[in-house]
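Would you mind keeping the following structure in view while I ask a few things?
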Amino acid sequence: MPRRRRIQRATLAGDAPEVAPQLLNKLLVHGECVGRIVEVEAYREDDPASHSFRGPTPRTRVMFGPPGHLYVYFTYGMHHCANVVTGPDGTGAAVLLRAVEPLEGIELMRERRHGRAQLADGPAKLCQAFAIGPEHDGVDVCSGDAIGLFDDGVPPPDDPLVGPRVGISKAIGTPWRWRVPPA
DNA sequence: GGAACGATCTGC
DNA sequence: CAGATCGTTCCC
């Protein structure tokens, strides 16, 4: 089993559409649960689809902080979604974690997902499986905090699938979703 | 103070 | 395909 190295903050300091595909195949770790990131989306401050588009608010303040922190938001009255903040401190950008391939802690994920077959193939399912909630808004994934992003030596794909972002009503045509191609 | 709208998921 | 379900934001 290759050594896991925590992702460096400098890696996340770039522009969200540049950083996002680099997060493919990285590991999301929370306690005993480990998963490989297989789908992401980029959101930028000058992006009508982004929560940061209208400037900082109490909800989005983490997005405008330094890179490497989690921005966790509540939506549709029942779901949470998790982003990794990117770009320099003061800019509102982030990468939405859309899907993860479960690697470890699968039994625990199954319990949290109430026995359903799909454990983490969506942004809200991923948060449920990994028990990511509002208490994790602002946690630093680059330091020793509970949730971390790690590199285990598997590089991002050379040929990621690219397409439009899901579930938005503005900036429909912007192809800022990336996915690991099927094996 | 009120209304509209979600970066979604599930079961019918 | 529609319902669930409520915080955030914007407008009056």
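By convention in this document, chain letters (A, B, ...) are assigned in the order of the sequence lines, proteins followed by strands, and residues within each chain are numbered from 1. Any value given below was found using the heavy atoms of this structure, including those in side chains, with hydrogens, waters and symmetry copies removed.
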Inset, instruction - Check whether any side-chain N or O of A/Lys170 sits under 4.0 Å from OP1 or OP2 of B/dA7, and answer yes or no. - result: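 No, A/Lys170 has no side-chain N/O under 4.0 Å of OP1/OP2 on B/dA7.
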
Legend entry - Minimum side-chain heavy-atom gap A/Val141-A/Ile7 below 4.5 Å: no

Inset, instruction - Please determine if a side-chain N or O atom of A/Arg116 lies less than 4.0 Å away from the OP1 or OP2 oxygen of B/dG11. - result: yes

Inset, instruction - Would you classify A/Ala124 as touching base, sugar-phosphate or nothing, given that sugar-phosphate means primed atoms plus P, OP1 and OP2, and contacts are heavy atoms under 4.0 Å? - result: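 Sugar-phosphate: the residue A/Ala124, judged by heavy atoms under 4.0 Å, touches backbone atoms but no base.
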
Inset, instruction - Treating Ile, Leu, Val, Met, Phe, Trp and Tyr as nodes and any side-chain heavy-atom pair under 4.5 angstrom as an edge, say whether A/Ile37 and A/Trp176 lie in one connected cluster. - result: yes

Legend entry - Beyond-backbone contact of A/Phe130 with A/Ile147, side-chain heavy atoms, under 4.5 angstrom: no

Indicate every side-chain donor-acceptor pair of residues 67-83 of chain A with a distance under 3.5 Å to a residue at least two apart or in another chain.
residue	atom	partner	partner atom	Å
A/His69	ND1	A/Gly138	O	2.9
A/Tyr71	OH	A/His51	ND1	2.8
A/Asn83	ND2	A/Tyr71	O	3.1

Inset, instruction - Could you please name the partner base of C/dT5, counting Watson-Crick and G-U wobble pairs only when both distances are under 3.5 Å? - result: none

Legend entry - Any A/Pro155 side-chain heavy atom under 4.5 Å of A/Asn25 side chain: no

Inset, instruction - Establish, with yes or no, whether the OP1 or OP2 oxygen of B/dT8 is under 4.0 angstrom from a side-chain nitrogen or oxygen of A/Arg98. - result: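 Answer is yes, contact under 4.0 Å.
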
Inset, instruction - Tell me what A/Ile168 touches on the nucleic acid: a base, only sugar-phosphate, or nothing, going by heavy atoms under 4.0 Å. - result: sugar-phosphate

Inset, instruction - Would you classify A/Arg113 as touching base, sugar-phosphate or nothing, given that sugar-phosphate means primed atoms plus P, OP1 and OP2, and contacts are heavy atoms under 4.0 Å? - result: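 Result for A/Arg113 = sugar-phosphate.
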
Inset, instruction - Please state how far atom NE2 in A/His80 lies from atom P in B/dC9, giving the value in whole angstrom units. - result: 13 Å

Strictly under 3.5 Å: I want the nitrogen or oxygen pairs between protein and nucleotides 3-9 of chain C, one per line.
residue	atom	partner	partner atom	Å
C/dT5	O2	A/Tyr76	O	2.6
C/dT8	O3'	A/Arg59	NE	3.4
C/dT9	OP1	A/Thr57	OG1	2.2

Inset, instruction - Let me know, please, whether A/Gly122 or A/Ser169 comes out on the 5' side of the other along DNA chain B by nearest nucleotide. - result: A/Ser169

Inset, instruction - Please examine the side chains of A/Leu119 and A/Val100, heavy atoms only from C-beta on, and report whether any two atoms are closer than 4.5 Å. - result: no

